[in-house]
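Just below is one structure, and these are the notes that go with it.
Just so it is clear, the structure is predicted and the values come from calculations on it, not from any experiment. Atoms considered below: every heavy atom in the structure, side chains included; atoms not considered: hydrogens, waters and symmetry mates.
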Amino acid sequence: MNMEKIAKIAGVSKAAVSFALNDKPGISQATRNQILKIAEELNYVPRRKIKKDTIVFLLVTNDHAQSLDYFQRLPFFQSIIDAFKTKSYLKGYNLSLQTVSKLDQDTFSNWQQTNIYGVVILGTFLTSDDVLLLNKVHANIVILDNPSIENSHSSVVINNKEGVRSIVHQISPKETVLYVHGLPAIPNFQERNTAFKYSAQTKDFNLKEIKMDSFSFSETTTSEQQLIINTLQNNTTIVAENDYLALKIAQIVAEKKLTHNVKALFGFDNIKTLSQSPIPIKTVSVNVSVMVDMAIDLILKEYKVPVHVTVDTNFVEGDKNEK
């Protein structure tokens with residue numbers, strides 16, 4: 001299999017295939033994705049990029065019920081997984097996708113195999129104890145998406161503080177604000193909550209707070225619906241700790257005909273399923289591609305001292321018709 005055959009199947013030029021395989025500009029992202037998908041399906045890897053080493057991408061779930069399939073149904077995590085597949089392919093490394101519900105010595109021992117080049121841990125659900133345990137492990141590790149200051153390995157995190165400040169900036173002083181905490185209370189949410197309360201100090205909001213499940217695939221429960229009905233007042237601005245939560249709230253508000261009570265609805269992460277929202281959601285965009293690029297670069301460069309990278313966010317004016 002060569003580039004000419006990939007170009008023929010994709011219906012593009014050989015130059016376009018070269019741009020995609022070498023991660024160079026000159027083609028649209030849609031065309032790049034199409035070419036990479038075909039190349040991956042055909043097991044095509046440029047000779048100069050063929051390597052025997054494997055990068056492990058580990059998702060620590062802390063929940064036996066959460067499998068790789070579970071995360072691939074959550075758009076934000078799906079985009080991270082897809083980006084890792086593409087980037088590791090372009091770098092010529094094998095990628096091993098794994099999930100564990102608990103970190104243990106067996107897991108750490110597997111990382112010592114000669115074919116394992118490094119480990120990227122999606123640390124969204126890591127606890128403080130998990131981080132301290134990882135600090136004792138001597139391996140080429142990068143922790144992704146966990147803002148713990150106790151982490152002694154290299155890391156790539158979201159700029160939660162700046163993202164939250166951009167939301168608070170959009171809200172006028174003395175407004176009625178409903179802040180919705182996501183459950184479980186993961187480190188990103190905790191950092192967003194702290195940043196919100198710090199940034200909101202000078203705004204003198206009429207602040208109300210509730211808690212709701214953030215990562216459920218099921219329909220909203222009666223108790224969740226009643227919670228919104230009981231809490232939502234006229235002309236209320238809602239700030240949710242992530243977009244899954246914001247989308248759930250939007251669906252309740254629309255179904256219960258409470259749209260007139262909502263002045264604005266804010267989320268965080270800019271997940272692609274926001275297009276399904278019955279009301280506009282303003283959100284903070286996280287550049288997943290940059291996060292993945294940074295994580296893989298940190299693994300491949302094997303810095304002798306930990307490097308901590310914070311990826312900036314962008315505020316997005318929500319428009320359900322343009323997502």
Side-chain angles (χ1 to χ4, degrees), residues 61-63 66 71 74-77 123-131 145-149 157-171 175-201 203-233 236-253 256 258 261-271 273-274 277 279 281-286 313 315 318:
T61 67
N62 291 316
D63 185 338
Q66 294 173 350
F71 285 95
L74 292 169
F76 178 73
F77 296 110
T124 308
F125 299 97
L126 286 181
T127 65
S128 295
D129 288 342
D130 290 331
V131 173
D145 198 40
N146 185 293
S148 173
I149 60 174
V157 299
I158 299 169
N159 194 337
N160 287 307
K161 296 177 182 178
E162 183 60 32
V164 168
R165 281 195 291 266
S166 69
I167 291 175
V168 173
H169 181 72
Q170 302 295 317
I171 307 173
E175 281 194 27
T176 297
V177 177
L178 174 59
Y179 186 89
V180 187
H181 298 265
L183 297 175
I186 61 175
N188 274 323
F189 292 173
Q190 293 168 342
E191 188 172 57
R192 290 170 192 179
N193 177 35
T194 300
F196 176 82
K197 290 184 174 178
Y198 180 81
S199 299
Q201 286 179 355
K203 294 279 190 158
D204 196 22
F205 293 147
N206 174 23
L207 182 63
K208 300 179 182 299
E209 301 178 61
I210 60 174
K211 298 179 180 181
M212 291 177 64
D213 182 7
S214 290
F215 301 103
S216 174
F217 298 115
S218 60
E219 296 292 328
T220 57
T221 65
T222 301
S223 60
E224 287 175 331
Q225 294 174 13
Q226 198 60 48
L227 185 60
I228 293 296
I229 292 170
N230 293 343
T231 311
L232 194 58
Q233 300 178 357
T236 297
T237 293
I238 304 175
V239 178
E241 284 184 332
N242 77 345
D243 284 341
Y244 303 113
L245 200 50
L247 185 57
K248 177 181 286 191
I249 293 166
Q251 291 167 341
I252 294 174
V253 166
K256 299 302 178 181
L258 298 172
N261 285 358
V262 179
K263 182 174 182 180
L265 173 57
F266 294 91
F268 205 116
D269 294 331
N270 196 26
I271 63 173
T273 51
L274 286 187
S277 176
I279 64 174
I281 297 176
K282 301 178 180 181
T283 187
V284 174
S285 174
V286 177
T313 57
F315 182 75

>> Please give me the minimum heavy-atom distance between Pro147 and Asn160, naming the atom from each residue.
In response: CG-ND2, 4.4 Å
> Residues in salt bridge (Lys or Arg N to Asp or Glu O under 4.0 Å) with Lys211, at least two apart?
Replying inline: none
> Can a donor-acceptor pair be found between the side chains of Asp145 and Thr124 at a distance below 3.5 Å?
Replying inline: yes
> Mind checking what makes salt bridge (Lys or Arg N to Asp or Glu O under 4.0 Å) contact with Lys208, not counting sequence neighbours?
Replying inline: none
> Which residues satisfy the salt bridge (Lys or Arg N to Asp or Glu O under 4.0 Å) test with Asp269, sequence neighbours excluded?
Replying inline: Arg192
> Who pairs with Glu191 by salt bridge (Lys or Arg N to Asp or Glu O under 4.0 Å), at least two apart in sequence or on another chain?
Replying inline: none
> Can you tell if the side chain of Asp213 reaches within under 4.5 Å of the side chain of Lys248, non-hydrogen atoms only?
Replying inline: yes
> How would you list, by chain and number, every residue that makes a ring-ring contact (aromatic ring centres under 6.0 Å, His included) with Phe196, sequence neighbours excluded?
Replying inline: Tyr179
>> Tell me the closest heavy-atom pair linking His169 and Lys203, and the distance in Å.
In response: O-NZ, 4.1 Å
>> Do Pro184 and Phe189 have side chains that approach each other closer than 4.5 Å (heavy atoms only, starting at C-beta)?
In response: no
>> Under a 3.5 Å cutoff, is there a donor and acceptor pairing between the side chains of Thr237 and Glu175?
In response: yes
> Does Thr273 have any side chain to side chain donor-acceptor pair (under 3.5 Å) partners at least two apart in sequence or in another chain, and if so, which?
Replying inline: none
